[in-house]
Amino acid sequence: MDEIDVPPFFICPISLEIMKDPVTLSTGITYDRESIEKWLFSGKNTTCPVTKQVIADCELTPNHTLRRLLQSWCMLNASLGIERIPTPKPPISKAQIVKLLIDAKSPQQQIKCLDTLKSIAAENATNKRCMESSGAVEFLASIVCNYDPTASEESLDYEFDSIRPIDEALSILYSLQLSEASLKNLMGKNGDFILSLTRVMQRGSYESRAYAVLLLKSMAEIADPMQLINFRPQLFIELVQVLHDQISKQASKATLQLLVSICPWGRNKVKAAEAGVVPVLIDLLLDSSLERRACEMILTVLDAVCGCAEGRSELLKHGAGLAIVSKKILRVSQVASERAVRILLSIAKFCASSKVLQEMQQLGVVAKLCLVLHLDCGPKTKEKAREVLKLHARVWKNSPCMPTNLVSSYPA
């Protein structure tokens, strides 16, 4: 390829490679379809990469003339190893999607139509946007909302017939990489769709439960505070169960990310604590193979939940609670250390019984906090560690590692 003189107008401005499916934006610039779709839809950019103009209309117009020139040029240079570019499959039309959605309303054709929709969505981002604008999101959401978990317990046949469409509908909804407008529309259905996802998480298959969490995470990212505050306790119970069951790494990661974003709002930390999140998180921290980012998120959720009395109580009830939180200080990352010290500060401020303080000393928590003061682990972490030690310097004054400046501030 280095020895071949490639016409510059065959090169995509984004990938800097020969285009396979040239399409033109409303700005008049031509790109390879795959590259510009990633830029617009996956990257969620709103400007033309070359002209920097804001793109009001994201419709991609196939540049047939340039494609034919490309194909002719490839054929002329076939002897030099240039492969002919095949004629790309035309994007799906709105009319085709609408027909599929109508056919899918028939129980006999539903699974077949859902399989077709899944294949169409997998082809390219243009198809995804076409499906979104043709009413596919509303139709798929209706399948989820019509799921009746009580009926599936009465009949194995019903269970097979009803679970499969739920699996497919949730899979397609997630694969569509929904726009903010569609996600807000799902959030705004008076909580009905959230309630439906909660039912799926409660009784659905592992696959459906995983996709329900992934969708909830996307929805929470665009929700307003009042919507997050109104999340029901049952949702937290099901999120904790997903973490407990370890359905998949992706589902666990999405659940932790969701809890990180929603626990600080309103009484959500209390709902999470009452749902049993603390012992599940501590058990996860005990896993020696836990990845760094997962550890940071777990400690972040614990920090938020320990902001309420219920959360702190659950942490102290667990035999390994204080020990594992302390162990993560200086062993994972600065973020993990800061979160762990914040948790210990909450305990030191609000749960400082003589038994707890004695346990902190016996477990080496005091020694670890003293070590924090002498190592490079961030000013915020050091400040909070010093605050914990200062709060109870009188009780821990006989500890050999206690800084003399903290102990001397109290009379013997």
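- Scanning all heavy atoms of the two residues, the minimum distance from Pro264 to Leu259 falls at CD-O, 4.3 Å.
- A pairwise comparison of heavy atoms in Leu214 and Ala254 identifies CD2-CB, 3.6 Å as the closest pair.
- When side chains are defined from C-beta on, Ile11 does not count as touching Met19, because their heavy atoms never get closer than 4.5 Å.
- The nearest pair of heavy atoms linking Lys94 to Ser133 is CE-O, 3.2 Å.
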Please output the side-chain donor-acceptor pairs of residues 324-331 that fall under 3.5 Å, not counting sequence neighbours, one pair per line with the distance.
| residue | atom | partner | partner atom | Å |
| --- | --- | --- | --- | --- |
| Lys328 | NZ | Leu285 | O | 3.4 |

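- Using a cut-off of 4.0 Å between Lys/Arg side-chain N and Asp/Glu carboxylate O, Glu314 and Lys317 are scored as salt-bridged.
- Side-chain N/O atoms of Gln108 and Ser106 include a donor and acceptor closer than 3.5 Å.
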Give the intermediate values and the outcome of side chain to side chain contact (heavy atoms under 4.5 Å, CB included) for residues Leu389 and Cys370.
CA-CA 8 Å; Leu389 294 170; Cys370 291; 4.0 Å; yes
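- A ring pair (Phe, Tyr, Trp, His ring centres under 6.0 Å) check over residues 195-228, counting only residues at least two apart or in different chains, returns the pairs Tyr174-Tyr211.
- Qualifying side chain to side chain donor-acceptor pair (under 3.5 Å) partners for Asn185, counting only residues two or more places apart in sequence or in other chains: none.
- Residues Glu207 and Ser171 bring no donor and acceptor atom of their side chains to less than 3.5 Å of each other.
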Criterion salt bridge (charged side-chain N to carboxylate O under 4.0 Å, His left out) on Asp376 and Lys382, from CA distance to verdict
CA-CA 9 Å; Asp376 182 19; Lys382 285 188 176 185; 5.6 Å; no
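- For Ser93 and Gln96, the side-chain atoms include at least one donor-acceptor pair closer than 3.5 Å.
- With Asn127 contributing its side chain and Ala121 its backbone, the two residues share no donor-acceptor pair below 3.5 Å.
- Without hydrogens or angle criteria, Glu310 side chain to Val270 main chain gives no donor-acceptor distance under 3.5 Å.
- Leu60 pairs in a side-chain contact (heavy atoms from CB on, under 4.5 Å) with only one of the listed residues (Asn124, Thr24, Thr126), which is Thr126.
- In summary, the side chains of Thr47 and Asn45 do not present any donor paired with an acceptor at a separation below 3.5 Å, with no hydrogens or angles considered.
- In this structure the side chain of Val98 reaches within 4.5 angstrom of the side chain of Ile102, judged on heavy atoms.
- Ser179 and Glu132 share a side-chain donor-acceptor pair at under 3.5 Å.
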Margin query: side chain to side chain contact (heavy atoms under 4.5 Å, CB included), that's the test. Do Leu235 and Met201 meet it? Break it down for me.
Written below: CA-CA 8 Å; Leu235 174 62; Met201 290 164 63; 4.2 Å; yes
Next item on the list: Just do the side chain to side chain contact (heavy atoms under 4.5 Å, CB included) check on Arg339 and Leu302 with the steps written out, would you?
Entry: CA-CA 8 Å; Arg339 299 296 186 274; Leu302 276 176; over 6 Å; no
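- Here the CD1 atom belonging to Ile194 is positioned 10.5 Å from the CG atom belonging to Asn230, to the nearest 0.5 angstrom.
- Taking both residues in full, the closest heavy atoms of Val332 and Cys295 are given as CG2-SG, 3.8 Å, listed atom of the first, atom of the second, then distance.
- Looking at heavy atoms from C-beta onward, Ile120 lies in side-chain contact with Ile97 at the 4.5 angstrom threshold.
- Using a distance-only test at 3.5 Å, with no hydrogens or angles considered, a donor-acceptor pair links the side chain of Gln110 to the main chain of Ala104.
- Looking at every heavy atom in both residues, Ser208 comes nearest to Ile166 through OG-CG2, 3.7 Å.
- Side-chain contact of Ser333 with Glu296: a donor-acceptor pair under 3.5 Å is present, judged by distance alone.
- Under the 4.0 Å criterion applied to side-chain N and carboxylate O atoms, Asp103 and Lys112 are not assigned as salt-bridge partners.
- Remark: Arg232 CZ to Asn268 CG distance equals 13.5 Å, nearest 0.5 Å.
- For the side-chain contact (heavy atoms from CB on, under 4.5 Å) test with Leu369, the passing option among Val365, Val366, Leu373, Leu371 is Val365; the others fail.
- Side-chain contact between Leu114 and Leu140 is present, with heavy atoms from C-beta onward closer than 4.5 Å.
- More than 12 non-hydrogen atoms from other residues, nucleotides or ligands lie less than 6.0 angstrom from CZ of Arg84.
- One finds a salt bridge joining Glu291 and Lys249 here, because a Lys/Arg side-chain nitrogen approaches an Asp/Glu carboxylate oxygen to under 4.0 Å.
- A salt bridge links Glu387 with Lys349: at least one charged nitrogen is closer than 4.0 Å to a carboxylate oxygen.
- With values rounded to the nearest 0.5 angstrom, Lys368 atom NZ is found 9.5 Å from Leu344 atom CG.
- Between the CG atom in Leu286 and the CG atom in Leu281 there is a gap of 11.0 Å [rounded to 0.5 Å].
- Between Val213 and Leu239 there is a side-chain heavy-atom pair separated by less than 4.5 Å.
- Around NE2 of His244, the count of heavy atoms belonging to other residues, nucleotides or ligands within 6.0 Å does not exceed 12.
- Within the model, atoms CZ of Arg292 and CE of Met297 stand 10.0 Å from one another, a figure rounded to the nearest 0.5 Å.
- In this structure, Asp287 contributes its side chain and Ser289 its backbone to a donor-acceptor pair below 3.5 Å.
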Side chain to side chain contact (heavy atoms under 4.5 Å, CB included) between Ile347 and Val388, worked out: CA-CA 9 Å; Ile347 298 298; Val388 176; over 6 Å; no
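- Side-chain atoms of His392 come within 3.5 Å of backbone N or O of Ala348 as a donor-acceptor pair.
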Mind running salt bridge (charged side-chain N to carboxylate O under 4.0 Å, His left out) on Glu359 and Lys355 for me, showing each step along the way? CA-CA 6 Å; Glu359 185 181 358; Lys355 180 183 177 182; over 6 Å; no
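- With sequence neighbours excluded, the residues that form a side chain to side chain donor-acceptor pair (under 3.5 Å) with Lys89 are Glu123.
- For Phe350, the side chain to side chain contact (heavy atoms under 4.5 Å, CB included) partners two or more places apart in sequence, or in a different chain, are Arg312.
- Counting heavy atoms from C-beta outward, Phe139 and Lys105 have side chains that approach closer than 4.5 Å.
- Leu101 is listed as a side-chain neighbour of Leu117, based on a closest heavy-atom distance under 4.5 Å.
- Residue Asp224 qualifies as enclosed at atom CG: its count of foreign heavy atoms under 6.0 Å is above 12.
- In terms of heavy-atom proximity, Lys271 sits nearest to Phe231 at NZ-O, 2.6 Å.
- Here Glu34 contributes atom CD and Lys20 contributes atom NZ; the two are 7.0 Å apart, rounded to the nearest 0.5 Å.
- Every side chain to side chain contact (heavy atoms under 4.5 Å, CB included) that Glu17 has, sequence neighbours left out, goes to Ser15.
- Counting heavy atoms from C-beta outward, Trp73 and Pro7 have side chains that approach closer than 4.5 Å.
- In this structure, the side chain of Glu338 does not engage the main chain of Thr381 through any donor-acceptor pair within 3.5 Å.
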